[in-house]
Amino acid sequence: MAYWLLKSEPDDWSWDQQQARGKAGEDWSGVRNYQARNNLRAMKVGDRGFFYHSGAGKEIVGIVEVSAPAQPDPTDKTGQWLSVKVRAVRDIPSPVSMPDIKSNSRLKNMVLVRNSRLSVQPVSPDEWRIICEMGGLDSTARSS
DNA sequence: GCCAACGTTGGC
DNA sequence: GCCAACGTTGGC
C-alpha cells in the first residue's frame, strides 16, 4: 500500500465536509498540475492519504482512503486531467501542523517541506508512521 | 499583505 | 529550445 498527502484549502473543501460524505466519498477533482496528476494516476484503491489543510490551518487533520482509481476529472472539459475518489477514514486525534513537521529532523525530506505547493504528494512509509505517532495514533489504530 | 517558489506562456 | 515575464500558490 502506498501513502499520499492531499492538500485542500479548508474554505474550498474541508475535512468536515469530507467526513460528512462518509463512505460515499468524494471526487478529488480540480487538480491541474502534471506532477500531481501523475501521483493521482499512481494511486490504487486502498491506498491511504493524509488530509492536509493549507492556508488557514496548515495541519494534517485526517486520514483518507482511495476508494476509486484515477479516472477523467469530471470537472475538466479537455479530458486531460484525472481525479480519484477518496473517503474519510478517521481524524488525527492531535493534528500535526506545518511547524511540527518542520521541527522534526526526520521529516526534513518530506515533499510537504521541500515543495509545499504540490497538491498531491507521495509520503514514505517512515514519514507516515512518524506523523501518525505525532498525531496520537497508536499502531493498532493505524493499521485499521 | 508580502514575497519566495514554482509552473506556464510566449517572444525570439 | 531558451528564458524573461507573468500568474498562482501558500507559508510566513
Side-chain angles (χ1 to χ4, degrees), chain A residues 1-138 141-142:
Chain A
M1 174 188 352
Y3 299 105
W4 308 94
L5 183 145
L6 303 174
K7 279 191 322 186
S8 183
E9 289 272 353
D11 289 345
D12 182 37
W13 182 252
S14 71
W15 176 238
D16 281 350
Q17 289 173 289
Q18 180 70 52
Q19 282 188 303
R21 297 308 306 269
K23 289 187 176 176
E26 178 77 7
D27 272 323
W28 202 265
S29 57
V31 172
R32 298 292 183 270
N33 171 282
Y34 291 106
Q35 220 180 327
R37 184 189 68 179
N38 291 342
N39 290 331
L40 289 174
R41 184 182 283 133
M43 288 183 184
K44 293 185 169 58
V45 172
D47 282 357
R48 293 293 171 97
F50 288 130
F51 191 109
Y52 176 79
H53 275 161
S54 60
K58 297 181 201 62
E59 57 187 9
I60 292 169
V61 291
I63 291 176
V64 294
E65 179 181 71
V66 177
S67 56
Q71 55 197 349
D73 184 337
T75 69
D76 165 42
K77 289 188 171 61
T78 72
Q80 64 172 322
W81 301 107
L82 299 172
S83 66
V84 298
K85 186 165 277 193
V86 296
R87 66 172 186 87
V89 173
R90 57 164 26 90
D91 12 64
I92 303 285
S94 171
V96 180
S97 71
M98 176 66 84
D100 292 340
I101 290 165
K102 285 197 164 177
S103 64
N104 187 326
S105 63
R106 300 184 66 195
L107 299 175
K108 65 170 187 272
N109 289 323
M110 267 195 85
V111 179
L112 190 66
V113 174
R114 300 225 153 177
N115 180 10
S116 62
R117 291 185 53 181
L118 185 61
S119 62
V120 180
Q121 314 179 355
V123 173
S124 78
D126 275 350
E127 291 161 354
W128 184 268
R129 182 174 45 76
I130 292 165
I131 289 171
C132 284
E133 286 170 3
M134 291 167 75
L137 291 172
D138 64 23
R142 266 183 278 133

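So you know, we letter chains A, B, ... as the sequences are listed, proteins then strands, and number each from 1. Only a predicted model underlies this, so the values are computations on that prediction, with no experimental measurement involved.
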>> So, OP1 or OP2 of dG11(C): does either fall under 4.0 Å of a side-chain N or O from Y52(A)?
In response: yes
>> Strictly below 4.0 Å: does K7(A) bring a side-chain N or O up to OP1 or OP2 of dG10(C)?
In response: yes
>> side chain to side chain donor-acceptor pair (under 3.5 Å) for R32(A) and T78(A)? Distances and angles first, verdict last.
In response: CA-CA 11 Å; R32(A) 298 292 183 270; T78(A) 72; over 6 Å; no
>> Closer than 4.0 angstrom, basic N to acidic O: yes or no for R37(A) and D73(A)?
In response: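 Salt bridge absent between R37(A) and D73(A).
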So, taking the atom named [atom1] in [X] and the one named [atom2] in [Y], what distance separates them when rounded to the nearest 0.5 Å?
X: M1(A); Y: K44(A); atom1: CE; atom2: NZ; value: 12.5 Å
X: I101(A); Y: E59(A); atom1: CD1; atom2: CD; value: 9.5 Å
X: R41(A); Y: N38(A); atom1: CZ; atom2: CG; value: 5.5 Å

Below 3.5 Å is the cut-off: list the nitrogen or oxygen pairs between protein and nucleotides 1-5 of chain B, distance only.
unit_1	atom_1	unit_2	atom_2	d
dA5(B)	N3	R117(A)	NH1	2.6

> Going by heavy atoms in the side chains, are I60(A) and Y52(A) under 4.5 Å from each other?
Replying inline: yes
> Below 4.5 Å, heavy atoms only, C-beta onward: do I63(A) and F50(A) meet side chain to side chain?
Replying inline: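 Yes, their side chains come closer than 4.5 Å.
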> What pairs with F51(A) under ring pair (Phe, Tyr, Trp, His ring centres under 6.0 Å), at least two apart in sequence or on another chain?
Replying inline: W15(A), W28(A), H53(A)
Expressed as a whole number of angstroms, how long is the span from [X]:[atom1] to [N]:[atom2]?
X: Q121(A); N: dC6(B); atom1: CD; atom2: P; result: 12 Å
X: E9(A); N: dT8(C); atom1: CD; atom2: P; result: 14 Å
X: D12(A); N: dG10(C); atom1: CG; atom2: C1'; result: 14 Å
X: N33(A); N: dC6(B); atom1: CG; atom2: P; result: 12 Å
X: R32(A); N: dG10(C); atom1: CZ; atom2: C1'; result: 19 Å

> Looking at residues 95-103 of chain A, who's got a heavy atom less than 4.0 Å off DNA chain B?
Replying inline: none
